[in-house]
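Take a look at the structure set out below.
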Amino acid sequence: MSAALKNLTPYRRTLICLGAISVFWLSGLSGNLLHAQTPDARAVAFAVQQQLVKAIEKSEHSVVAISKIKTRKQQFQSRIPAPFGLDPNQDMNLSHNPQDLNFMPTEFGSGVIIPDPTPQNRVLVLTNYHLTQGGPVAGEKRIPENRIYVHTENRQGFYAAIIAADPRSDLAVLIPLGRLDGDYLRSLKPIQYGNAESVRKGQFVIALGNPYAIARDGSPSASWGIVSNFQRYPVPIFKNFLNQELAKKETIHHFGTLLQVDTHLDLGSSGGALLDLDGKLIGVTTSLAALEGYEKSAGYAIPLDPETRRIIQSLASGLEAEYGFLGITPNTVDRSEANRNVASIVNLKEPAYVQAGSVKQHSPAQQAGLLPSDLILSINGKELRNELDLMREVGKAGAGSEAKLQILRGKNPRELTLTVKLGKWPVADDEGIVQTRYRHPLWRGLRVDYPTARAKYTFSPFTYPPAVVVTHVAPDSPAQQAGLTEGTFIRLINDQPVQTPDAFYQEAQRASTSPVTLQLLDDRKIILPTSKQ
């Protein structure tokens, strides 16, 4: 390395090298360019630098810092080591005002102002679920364990409440508590979404966040790097959802969803923005994976693909985020075993395949015609390499959605396409879910859901009931007076079979002004009168 390069900072050396690489690539476009005068490498490097600056300037006003502040009765136990030797529990010399730069929060992270998918045009902040636990819920009057403060640009900010939060995706959406000043409200611009599906390994990305709580003045800190890999797994997965303690720790990301990036994602970067070079949002940064024992220098982000955008839209609407469920036990088999299950005349080339093990009776898989030992080649056009790929794609597709399975079946193998209407993944950590709205209103005092809506209602060994399950019964309602309780399975309504909440409420609507007969899974019949006027 020349003495001139050695005297430069690593950052400037990187830019010069990038410029040189760009020049070499451009010079290869045409034979004539090989003999042309070499462009100034510094000019190319500074062009790259200018693109980074523009992308950051475009989006930094949409990135916020988040402080979680324990209420007086909860002080003072911090689960996160304080940066720079500061201990927020020993706050004699620290301010209690989150707008004061001397303020040090108990816990901290980042967030992004996102577009409101509803016509209400509200200020919505997307962040990680684990940053919001114990925070206030919009519309609730109880005193929360923590308060949540959002720091925006120009050292302004607001207290926020959770409109919905989902432990399975580790995402949450916040909304301001109280009314914001008109000028300040207009200054809070939502970020623009980019195309996460077009992201490639090696692509430049920018991360904006709140490392070590140093963005408390509302100005996010930036770092940049490349996309290192796709579909990364944070920790080994526990597949048995009936084990409540293990299942509560499981997220959709354990099936391999995360982007790996080499940007600096230090403590406090969770919930921040991952941008492309146009300054558009393509991911939500998270330090969750790094905190679970992986290499500290490895950064991770939740890609904002269409499936994740579906989850965010549910949360922004105040709803529970639902995940798809097939109703089989999938297995990963190697090529030789797969050949034995179909036929040796088939030239299977992949090293591993996904095989349907047991197919549960009455499940979406059985109703679509899937059989044990079928090889599942792809779902919705996406090729599968192992069972985790299948579980990830089924889960992200969402409950009630249709999925197309390409399968290979039989000793005289046939390639078939099956259309499956997915059920709902059994939620283990239902206490962790925050929602402020429901997809269906109470009907005569009861609310129902898919038979697998909650793991606590499922049977052991697991079966898929041809019914819906009662998830809530209002006090003194016709449903309670008729003897219905939470966890009851309803198989028929007025002799019509119901297996999804949509089917149940459609039948209920037809009998809106008259008593209905409910037949339970154990064949008991209950007459449910109309609601009291």
Side-chain angles (χ1 to χ4, degrees), residues 11-12 14-19 21-23 25-26 29 39 42-65 110-117 121 123-127 152-153 171 186-211 215 218-231 257-265 269-286 299-313 316:
Y11 176 72
R12 288 187 176 273
T14 301
L15 287 175
I16 296 296
C17 292
L18 284 172
I21 291 170
S22 300
V23 169
W25 178 79
L26 288 169
L29 292 178
R42 287 177 60 85
V44 177
F46 280 113
V48 175
Q49 176 179 277
Q50 187 62 21
Q51 188 63 33
L52 293 172
V53 171
K54 286 183 178 179
I56 292 169
E57 288 179 344
K58 177 180 179 179
S59 297
E60 64 177 337
H61 304 307
S62 302
V63 180
V64 301
S110 312
V112 186
I113 300 174
I114 59 170
D116 188 351
N121 199 27
V123 174
L124 300 176
V125 177
L126 175 67
T127 187
T152 59
E153 61 177 330
L171 292 174
R186 285 186 288 274
S187 73
L188 302 176
K189 303 295 185 183
I191 204 162
Q192 291 183 23
Y193 288 128
N195 185 2
E197 290 186 295
S198 67
V199 174
R200 297 292 180 265
K201 190 185 295 187
Q203 175 177 327
F204 288 157
V205 287
I206 303 165
L208 297 179
N210 180 29
S219 177
S221 299
S223 66
W224 71 293
I226 64 169
V227 174
S228 304
N229 216 328
F230 301 92
Q231 297 180 347
T257 65
L258 298 173
L259 291 175
Q260 181 186 345
V261 294
D262 72 344
T263 59
H264 289 290
L265 296 182
S269 299
S270 292
L274 189 74
L275 309 175
D276 60 19
L277 283 186
D278 290 323
K280 295 182 178 180
L281 188 69
I282 58 173
V284 177
T285 58
T286 176
Y300 296 87
I302 302 168
L304 261 66
D305 52 27
E307 292 83 7
T308 303
R309 295 266 293 275
R310 174 191 66 82
I311 293 169
I312 293 171
Q313 183 163 350

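These numbers come from the heavy atoms of this one structure, side chains and all, not from hydrogens, waters or symmetry mates. Everything quoted here is computed from the prediction, not taken from an experiment.
Taking CG of Asn210 as the start and OG of Ser269 as the end, the distance is 7.5 Å to the nearest 0.5 Å. To the nearest 0.5 Å, the span separating CZ on Phe230 from CD on Gln260 amounts to 11.0 Å. Expressed to the nearest 0.5 Å, how far CD of Gln192 lies from NZ of Lys58 amounts to 4.0 Å. Rounded to the nearest 0.5 Å, atoms CD (Glu153) and OG (Ser187) are 5.5 Å apart.
Counting only distance, with no hydrogens or angles, the side chain of Ser62 and the backbone of Lys189 share a donor-acceptor pair below 3.5 Å. At distances below 3.5 Å, at least one donor-acceptor pair connects side-chain atoms of Thr308 with backbone N or O atoms of Pro303. In this structure, the side chain of Lys280 does not engage the main chain of Leu275 through any donor-acceptor pair within 3.5 Å. A side-chain donor-acceptor contact under 3.5 Å links Ser59 to the backbone of Gly279.
Of the residues listed (Ile282, Leu274, Leu281), the one engaging Leu304 in a side-chain contact (heavy atoms from CB on, under 4.5 Å) is Leu281, and it is the only one. With Leu126 as the fixed residue, the side-chain contact (heavy atoms from CB on, under 4.5 Å) test singles out one of Ile113, Ile191, Ile114, Ile302: Ile114.
The two residues Pro115 and Leu124 have their closest heavy-atom pair at O-CD1, 4.3 Å. Summarising the geometry of Val284 relative to Gly271, their closest heavy-atom pair is CG1-CA, 3.8 Å, with the distance given to 0.1 Å. Of all non-hydrogen atoms in Thr127 and Ser110, the two that sit nearest each other are OG1-O, 2.7 Å. The two residues Ala215 and Ala65 have their closest heavy-atom pair at O-CB, 3.4 Å. Closest non-hydrogen pair, Val227 versus Val261, comes out as CA-CG1, 4.2 Å.
Applying the salt bridge (Lys or Arg N to Asp or Glu O under 4.0 Å) definition to pairs two or more places apart or across chains, those involving residues 299-309 are Asp305-Lys396, Glu307-Lys382.
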The test is side-chain contact (heavy atoms from CB on, under 4.5 Å); show your working for Thr152 and Leu188 and say whether it passes.
CA-CA 8 Å; Thr152 59; Leu188 302 176; 3.8 Å; yes

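Within the 4.5 Å cutoff, side-chain heavy atoms of Leu277 are placed close to those of Leu52. Using a 4.5 Å heavy-atom threshold, the side chains of Tyr300 and Leu259 count as separate. Proximity of Gln51 to Asp278: side-chain heavy atoms (C-beta onward) are separated by under 4.5 Å at one or more points.
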Determine all donor-acceptor pairs shorter than 3.5 Å in which one atom belongs to a side chain in residues 197-207; sequence neighbours excluded.
| unit_1 | atom_1 | unit_2 | atom_2 | d |
| --- | --- | --- | --- | --- |
| Ser198 | OG | Asn195 | O | 2.9 |
| Arg200 | NH1 | Glu197 | O | 3.3 |
| Arg200 | NH1 | Ser198 | O | 3.2 |
| Gln203 | OE1 | Arg200 | N | 3.2 |

